[in-house]
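Report on one structure; see the data block that follows.
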Amino acid sequence: MLAIKNVYKLYAGKTILHNMSLSVDRGEIALLLGPSGVGKSTLLRILNNLETIDSGIITVDGKPLDLTKVNTTHTVGMVFQQFNLFEHLTVIQNITLALEKVIHKTHEQALAIAHKLLTHYGLDQKADSFVSRLSGGQKQRLAIARAVALKPTIICMDEPTSALDPLLTTHVANTITELAHEKYIILIASHDTALLDKLNCTIYLLGENGIVQTALSQDFRGNPEKFPLIHSFVSGSIQP
Ligand SMILES: Nc1ncnc2c1ncn2[C@@H]1O[C@H](COP(=O)(O)OP(=O)(O)OP(=O)(O)O)[C@@H](O)[C@H]1O
Ligand SMILES: [Mg+2]
């Protein structure tokens with residue numbers, strides 16, 4: 001289980017994350033919703049050691065997540081909003097490079113793992129294409145495959161559907177559901193409310209003062225009026 005307890009994050013004296021506490025179990029999907037600027041990406045960047053925290057504690061299975069140095073335990077995989085793929089490398093090299101450099105697989109081992117993942121994500125035909133030639137949906141699948149290749153405990157995805165059409169959004173939602181069934185701990189930052197309909201997840205609505213409302217997506221879909229702030233946010237009528 002990932003447990004985030006009483007986390008504060010300030011930028012230039014301004015509190016961005018305000019006493020943030022939430023926990024996410026293996027196999028659970030946490031969907032961080034909220035307007036632009038409330039700190040959704042910041043929280044994911046913290047989990048990936050791309051940012052530090054000002055106070056609070058983050059543990060994975062009871063052990064503190066080491067936030068003082070670049071993540072060397074590879075417990076967290078990140079799928080970035082802009083994918084952060086190596087555009088000048090081929091699809092398969094994007095995966096084998098990480099396996100060889102980060103977890104020291106041999107080239108043959110890396111190729112075998114990469115081909116298996118590419119087949120799973122429907123990209124094996126594209127193995128030798130350059131990333132710059134992929135569509136947005138294909139890049140998204142490659143970014144997910146690359147994150148999964150390192151066998152993290154936690155997968156963070158920043159706006160995974162922002163560049164996708166409704167059909168591809170459904171595909172990505174299905175992939176996320178499959179990852180949950182494989183018992184990853186999953187955190188998604190998004191303002192794509194379409195994901196609410198397509199995922200069984202825990203919704204955390206973030207506002208200026210931290211988490212302002214929480215709901216299981218199934219409960220919210222069944223009775224949106226019970227969660228007025230999430231309902232207003234989803235229907236576009238107020239900012240939390
Ligand atoms: N490195 C930084 N230095 C200073 N301020 C920053 C930095 N990164 C983010 N911020 C500020 O922190 C706040 C939260 O940013 P963040 O990117 O986490 O928001 P978000 O909820 O992901 O928004 P969006 O929905 O637009 O992606 C914003 O006001 C942003 O300007
Ligand atoms: Mg963001």
Side-chain angles (χ1 to χ4, degrees), residues 2 4-24 29-58 65 67-71 76-85 136-137 139-140 143-144 146-147 152 154-166 168-169 172-173 176 185-199 201-215 217 220 227 229-240:
L2 166 71
I4 297 167
K5 286 184 205 144
N6 309 113
V7 165
Y8 281 81
K9 172 69 186 170
L10 287 79
Y11 281 127
K14 186 171 182 283
T15 306
I16 303 298
L17 296 181
H18 185 98
N19 201 19
M20 173 78 62
S21 295
L22 67 102
S23 29
V24 192
I29 304 167
L31 180 62
L32 309 171
L33 273 188
S36 188
V38 289
K40 304 182 296 295
S41 299
T42 299
L43 183 62
L44 299 190
R45 291 171 57 79
I46 286 169
L47 293 175
N48 283 276
N49 287 331
L50 298 170
E51 290 291 349
T52 55
I53 57 177
D54 291 284
S55 64
I57 179 159
I58 303 177
L65 190 66
L67 296 170
T68 58
K69 56 180 190 278
V70 174
N71 190 352
V76 187
M78 178 80 159
V79 179
F80 291 92
Q81 179 165 14
Q82 306 298 336
F83 312 128
N84 287 18
L85 294 165
K139 285 184 186 177
Q140 182 61 280
I144 293 173
R146 190 178 63 174
I154 302 169
I155 298 181
C156 298
M157 299 187 187
D158 201 354
E159 303 288 353
T161 55
S162 62
L164 306 182
D165 67 32
L168 285 175
T169 298
V172 169
I176 295 169
I185 292 168
I186 303 172
L187 288 96
I188 302 171
S190 184
H191 36 223
D192 182 1
T193 54
L195 278 177
L196 283 178
D197 299 327
K198 299 180 200 281
L199 290 176
C201 58
T202 312
I203 305 163
Y204 295 93
L205 181 65
L206 274 63
E208 293 267 309
N209 292 314
I211 296 169
V212 293
Q213 198 153 59
T214 306
S217 57
F220 175 72
F227 307 98
L229 296 176
I230 297 173
H231 185 49
S232 305
F233 179 73
V234 169
S235 58
S237 52
I238 61 147
Q239 300 258 311

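For ligands, and for the atoms within them, numbers begin at 1 and follow the listed sequence.
For His18, the ring pair (Phe, Tyr, Trp, His ring centres under 6.0 Å) criterion is met by Tyr8, not counting sequence neighbours.
The His191 neighbourhood of ligand 1 comprises atoms 25 (O), with distances under 4.0 Å to a heavy atom of that residue. Shown in contact with Thr42 at under 4.0 Å from a heavy atom are these atoms of ligand 1, numbered in order with element: 14 (C), 15 (O), 16 (P), 18 (O).
To the nearest 0.5 Å, atom CG of residue Leu17 and atom CG of residue Asp54 are 9.5 Å apart. Note that CZ of Arg146 and CZ of Phe80 are 8.0 Å apart. Values are rounded to the nearest 0.5 Å. Here Leu33 contributes atom CG and Thr214 contributes atom OG1; the two are 11.0 Å apart, rounded to the nearest 0.5 Å. The distance from atom CG of Leu196 to atom SG of Cys201, rounded to the nearest 0.5 Å, is 6.0 Å. The distance from the CD1 atom of Ile155 to the CG atom of Leu47 is 13.0 Å, given to the nearest 0.5 Å. Ile185 contributes atom CD1, which lies 10.0 Å from atom SG of Cys156 (distance to the nearest 0.5 angstrom).
There is a protein heavy atom closer than 4.0 angstrom to atom 14 (C) of ligand 1. For atom 31 (O) of ligand 1, no protein heavy-atom neighbour is found at a distance under 4.0 Å.
At under 3.5 Å, a nitrogen or oxygen of Gly39, whether backbone or side chain, sits near a nitrogen or oxygen of ligand 1. Checking only distances, Ser41 does come within under 3.5 Å of ligand 1, N or O to N or O. For ligand 1, the polar-atom distance check finds an N/O of Gly37 within less than 3.5 Å of one of the ligand's N/O atoms.
Shown are Asn209, Asn6, Val7, Ile211; of these, the side-chain contact (heavy atoms from CB on, under 4.5 Å) with Asn19 is made only by Asn6.
With waters neither drawn nor counted, the protein N/O/S atoms under 2.8 Å from the Mg ion (ligand 2) amount to 1.
Protein heavy atom at the shortest distance from atom 25 (O) of ligand 1 is Lys40 NZ, 2.7 Å. For atom 26 (O) of ligand 1, the nearest protein heavy atom (residue, atom name, distance) is Ser36 OG, 2.5 Å. Protein heavy atom closest to atom 3 (N) of ligand 1, with residue, atom name and distance, is Tyr11 CD2, 3.5 Å.
Ligand 1 has no atom lying under 4.0 Å from any heavy atom of Ala189.
Using a 4.0 Å cut-off between heavy atoms, Val38 contacts ligand 1 through both its backbone and its side chain.
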